[in-house]
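One-based numbering, in listed order, for ligands and for the atoms of each. None of the values given here were measured: they were computed from a predicted structure.
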Amino acid sequence: MISSQLLAYVAILVFCTFQAHSLETFIAAVYEHAVILPNATLTPVSREEALPLMNRNLDLLEGAITSAAKQGAHIIVTPEDGVYGWNFSRDTLYPYLEDIPDPAVNWIPCNNPDRFGHTPVQERLSCLAKDNSIYVVANIGDKKPCNASDPECPPDGRYQYNTDVVFDAQGKLVARYHKQNLFMGEDQFNAPKEPEVVTFNTTFGKFGIFTCFDILFYNPAVTLVTDFQVDTILFPTAWMNVLPHLSAIEFHSAWAMGMGVNFLASNIHYPSMKMTGSGIYAPDSPRAFHYDMKTEEGKLLLSQLDSHPHHPAVVNWTSFASGVKTLSTGNQEFNSTVFFDEFTFLELTEVTGNYTVCQKALCCHLSYKMSEKRSDEVYALGAFDGLHTVEGSYYLQVCTLLKCRTTDLHTCGDSVETASTRFDTFSLSGTFGTQHVFPEVLLSEIQLAPGEFQVSSDGRLFSLQPPSGPVLTVTLYGRLYEKDQVSDASSDLTARALRVMLIVLIPVGFSLSWTD
Ligand SMILES: *[C@@H]1O[C@H](CO)[C@@H](O)[C@H](O)[C@H]1NC(C)=O
Ligand SMILES: *[C@@H]1O[C@H](CO)[C@@H](O)[C@H](O)[C@H]1NC(C)=O
Ligand SMILES: *[C@@H]1O[C@H](CO)[C@@H](O)[C@H](O)[C@H]1NC(C)=O
Ligand SMILES: *[C@@H]1O[C@H](CO)[C@@H](O)[C@H](O)[C@H]1NC(C)=O
Ligand SMILES: *[C@@H]1O[C@H](CO)[C@@H](O)[C@H](O)[C@H]1NC(C)=O
Ligand SMILES: *[C@@H]1O[C@H](CO)[C@@H](O)[C@H](O)[C@H]1NC(C)=O
Ligand SMILES: *[C@@H]1O[C@H](CO)[C@@H](O)[C@H](O)[C@H]1NC(C)=O
């Protein structure tokens, strides 16, 4: 009797404790950081010279971290390359690296700074987290010595990794992620032999982490969501904006919606290299975003998010479009290039209409109504079904409504930042061969349209109200990850020939990084 009462009491206690400690919402912060770059150099600086530069950047990050904590943030994300910048060879990067241990060692660098050698950057980040009682996410460089016992050991006897680290509110290292999908020219780093899937639990949900170019590929990005069911993605990035489909705020918010997760994107602020665009995105809508090509200043964003966002009903991305009966508009199709890919387009010649355009297996269907059909602006509906092979190799299926740069149809797909045409309604769908489709809406002057559109379970991206600004693009950006690898023998040969060509070409073009 007593013991069962006691048990009930304990159960209630445990339940209450659990209730008290698990949060339904939390406050997220991301910092767009105007990074201070080191002076370009052919010969490595000393460790003593590397530290002051990193500390100058950490001073700026400290300002953002303390300000975020004062405003109640539980976690703050800072950008890729935010501590030491870029434009390094393997050798000139080396003085900026620290040995970062596996978080399983259970280490609070702030309390025990000498446990793993000389690690002042980790110590400072850990103390910033501990002293401000906030999770701190940063991107720094890891070095791991290797030798001939490892056949893949680089000739200089070490691996160098582009690394995200997370310190919890006690300053403990709780996550370490080595970037998998390095961007072209990122030769100062090695990719890990196997993709690392890094997650950690908090009282405000389960977190996953990956970096910049990783967002275009299956591993580890999609795996974190589909196999590990994380609630929130942490995303340090140094993202160069590419219109019409790969501007940072546009694509990152689309990934959050397409995958049904919270997404905390922290970009570098460096307008002369088109790096700006950070945000806090929930699956239903962006909560905060920042895009600024005009000033040189960093920017702190904060917003409240659900700890466990509702995953939207599963979308069948081909259901609606495959039932559409195509009527010819009589308009002539034309080809035009969008970021090196040749799309098939149809011009929207009327103020309202139903249009279909197809390429290979993909048919895209658009119903729309403009407020007025202007004579000084041309819009087109485009389809692309193919392998993109420029700065990376990734298979796309894309349906897009976009504003052409001029009234010349050959400019459809060129970068354009302003528009004047307002739409009353739009509904875009396509016969996608994938469940991984990212819905984008971008308005004039690179603005998002929070709460103004939705995706239906039969795969339509449609407006809920007339968009608040003129439209630059409405796009369904689909990825067919399984077709990234060219499979047939002849393409295999081409790919091998290309790789050989690259291996021959790269040392000529980037001789700096091959001086070891
Ligand atoms: C780069 O060099 C200039 C001139 O020598 C110096 O004034 C500046 O502080 C250096 N910048 C960094 C980040 O070291
Ligand atoms: C990168 O470094 C090279 C040589 O070290 C230099 O010529 C070039 O100007 C640098 N680029 C930037 C963007 O700093
Ligand atoms: C080579 O590396 C292995 C594994 O990291 C290590 O156990 C071994 O001691 C190293 N050998 C030498 C000669 O340094
Ligand atoms: C997070 O918590 C879940 C259950 O609450 C557990 O299954 C999982 O292993 C935990 N993950 C980590 C990384 O601790
Ligand atoms: C999606 O819809 C299409 C067309 O209605 C149907 O053929 C297909 O089976 C559906 N796919 C799934 C996974 O339900
Ligand atoms: C568009 O390009 C495709 C090949 O990508 C070609 O077959 C087709 O004829 C072109 N159409 C026009 C109108 O030029
Ligand atoms: C487009 O299709 C919808 C539904 O199929 C129809 O109600 C509408 O009248 C059509 N609009 C035009 C301009 O043809």
Q. Less than 2.5 Å separating the SG atoms of C364 and C358?
A. no
Q) Quick one: are L173 and I100 in side-chain contact, heavy atoms under 4.5 Å? A) yes
(Q) Could you check whether K143 makes a cation-pi contact with Y159, meaning its NZ or CZ is under 6.0 Å from the centre of the six-membered ring and within 45° of the ring axis? (A) no
Q. Hey, do the aromatic rings of W107 and F167 have their centres closer than 6.0 Å?
A. no
Q. Relative to the heavy atoms of S149, which atoms of ligand 3 are at a distance of less than 4.0 Å?
A. 1 (C), 2 (O), 3 (C)
Could you pull out the N/O contacts under 3.5 angstrom between ligand 7 and the surrounding protein atoms?
from	atom 1	to	atom 2	distance (Å)
ligand 7	2 (O)	N354	OD1	3.3
ligand 7	2 (O)	N354	ND2	2.4
ligand 7	11 (N)	N354	ND2	3.0
ligand 7	14 (O)	N354	ND2	3.2

Can you give each donor-acceptor pair under 3.5 Å made by side-chain atoms of residues 57-64, sequence neighbours left out, with the distance rounded to 0.1 Å?
from	atom 1	to	atom 2	distance (Å)
N57	OD1	H33	NE2	2.9
N57	OD1	I36	N	2.9
N57	ND2	I36	O	3.0
N57	ND2	V83	O	3.1
D59	OD1	R124	NH1	3.1
D59	OD1	R124	NH2	2.7
E62	OE1	R124	NH2	2.7

**Q.** Under-4.0 Å salt bridge between E80 and K179
**A.** yes
Q. Does Y477 offer a backbone N or O that forms a donor-acceptor pair with the side chain of T475 under 3.5 Å?
A. no
Q) If you count the atoms of ligand 1 from 1 in the order shown, which ones are under 4.0 Å from a heavy atom of R56? A) 13 (C)
Q: Would you mind running through ligand 1 and noting each atom that sits below 4.0 Å from a heavy atom of L37?
A: 13 (C)
